[in-house]
Amino acid sequence: MKTLPRSAVLLSLLIVFTTPSAAQDSVGIVLQNAPSGLSLAGSAENFVSLVEGLTGGTPVRLAAAGPAGFDRVITFTPRGRLSPEQAAARLEQARRDFDLLGIARPTPEQLAAAFVGGVVDTPTGRTTLGVRAAPVRSALEPSARQPTPEEQAVAALPPEIRAVVTDLPPTEALRAVELADQQLIALGTPYASAERRRQMVQRVRYGGGYVAASAGETSFPPLSPLVAPPLWQP
């Protein structure tokens with residue numbers, strides 16, 4: 001079990017007397033799992049406000065001493081709501097990010113940027129912290145969605161065949177090609193030319209008379225005396 005520093009123990013006492021009972025559990029869990037979050041926040045009040053905002057989706061108020069004795073106050077509302085364990089992990093991630101940037105005591109502005117995103121000044125220059133907004137996708141930019149197996153199979157068809165079925169749903173397009181190939185086998189031409197195959201796919205696609213022979217997909221010749229003669233001979 002982690003040993004809490006003295007400042008964290010004092011904060012736990014502060015929580016009991018100043019935090020509503022409904023939020024005490026969340027603050028206590030975050031403090032137990034991320035005790036360094038207290039020094040990261042800069043004060044007990046900032047820490048409590050930060051935890052309540054992350055777990056409850058309420059506005060966060062962060063204050064720090066400013067010039068001429070005035071406090072500098074920043075408010076922001078986190079995106080979504082986190083569990084106490086997730087909030088503790090976010091605080092730890094923010095602490096590691098600030099350590100890498102050489103920031104020992106982040107300002108309220110830097111803390112806000114770490115949790116809602118923003119560009120801040122660091123010892124090494126300006127950098128972006130926090131969750132970045134998703135880029136706006138151009139209408140000409142291809143979708144990042146992975147194609148389905150059926151879509152991949154249609155894309156692998158010969159260009160002349162794909163052109164005939166390109167506007168069909170992938171499953172229907174593949175079915176039309178399958179029926180056309182079966183029809184060519186039934187007619188005794190399992191190795192038809194590209195043009196004959198295209199014509200048969202087109203006839204199947206647009207319903208121009210063909211027979212669905214009961215023979216298997218690879219038998220040759222598959223026609224039996226019980227199968228009606230084809231309406232069209234390639």
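Remark: the backbone N or O of A89 is not paired with any side-chain donor or acceptor of N33 at under 3.5 angstrom. Between the Q152 side chain and the P149 main chain, no donor and acceptor come within less than 3.5 Å of each other. The backbone N or O of T107 sits less than 3.5 Å from a side-chain atom of Q110, completing a donor-acceptor pair. No donor-acceptor pair under 3.5 Å is formed between the side chain of S49 and the backbone N or O of E45. For T189 (side chain) and A192 (main-chain N/O), no donor-acceptor pair under 3.5 Å exists by modelled atom type.
With a 4.5 Å cut-off on side-chain heavy atoms, L111 and I74 do not count as touching. Looking only at side-chain heavy atoms (C-beta outward), D167 and R205 come within less than 4.5 Å of each other. Looking only at side-chain heavy atoms (C-beta outward), L50 and L91 come within less than 4.5 Å of each other. Contact annotation: the side chain of F115 never approaches that of V60 to less than 4.5 Å [non-hydrogen atoms, C-beta and beyond]. Looking at heavy atoms from C-beta onward, R198 lies in side-chain contact with E195 at the 4.5 angstrom threshold.
When hydrophobic clusters are built by joining Ile, Leu, Val, Met, Phe, Trp and Tyr residues whose side-chain heavy atoms come closer than 4.5 Å, directly or via intermediates, L187 is not grouped with V177. Taking hydrophobic clusters as Ile, Leu, Val, Met, Phe, Trp and Tyr residues chained together by side-chain heavy-atom distances below 4.5 Å, L179 does not share a cluster with V201.
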For this session: In sequence, state the C-alpha distance, the side-chain angles, and the governing distance for V165 and L168, and then conclude on side-chain contact (heavy atoms from CB on, under 4.5 Å).
Result: CA-CA 5 Å; V165 297; L168 289 176; 4.2 Å; yes
For this session: Output, in order, the C-alpha distance, side-chain angles, deciding distance and verdict of side-chain contact (heavy atoms from CB on, under 4.5 Å) for L62 and F47.
Result: CA-CA 8 Å; L62 301 177; F47 181 81; over 6 Å; no
For this session: Output, in order, the C-alpha distance, side-chain angles, deciding distance and verdict of side-chain contact (heavy atoms from CB on, under 4.5 Å) for T58 and T77.
Result: CA-CA 6 Å; T58 57; T77 302; over 6 Å; no
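The shortest non-hydrogen separation linking E92 to S36 is OE2-OG, 2.6 Å. Of all non-hydrogen atoms in V204 and A176, the two that sit nearest each other are CG1-O, 3.7 Å. Residues R162 and L157 come closest through the heavy atom pair NH1-O, 2.7 Å.
Scanning for salt bridge (Lys or Arg N to Asp or Glu O under 4.0 Å) contacts around R175 gives E178, with sequence neighbours left out.
With a 6.0 Å radius and a threshold of 12 heavy atoms from other residues, nucleotides or ligands, R81 has its CZ atom at or below the threshold.
Taken from CG in L40 to CZ in R95, the straight-line distance is 8.5 Å, to the nearest 0.5 Å.
Comment: D97 does not engage R90 in a salt bridge, judged by the lack of any side-chain N to carboxylate O separation of less than 4.0 angstrom.
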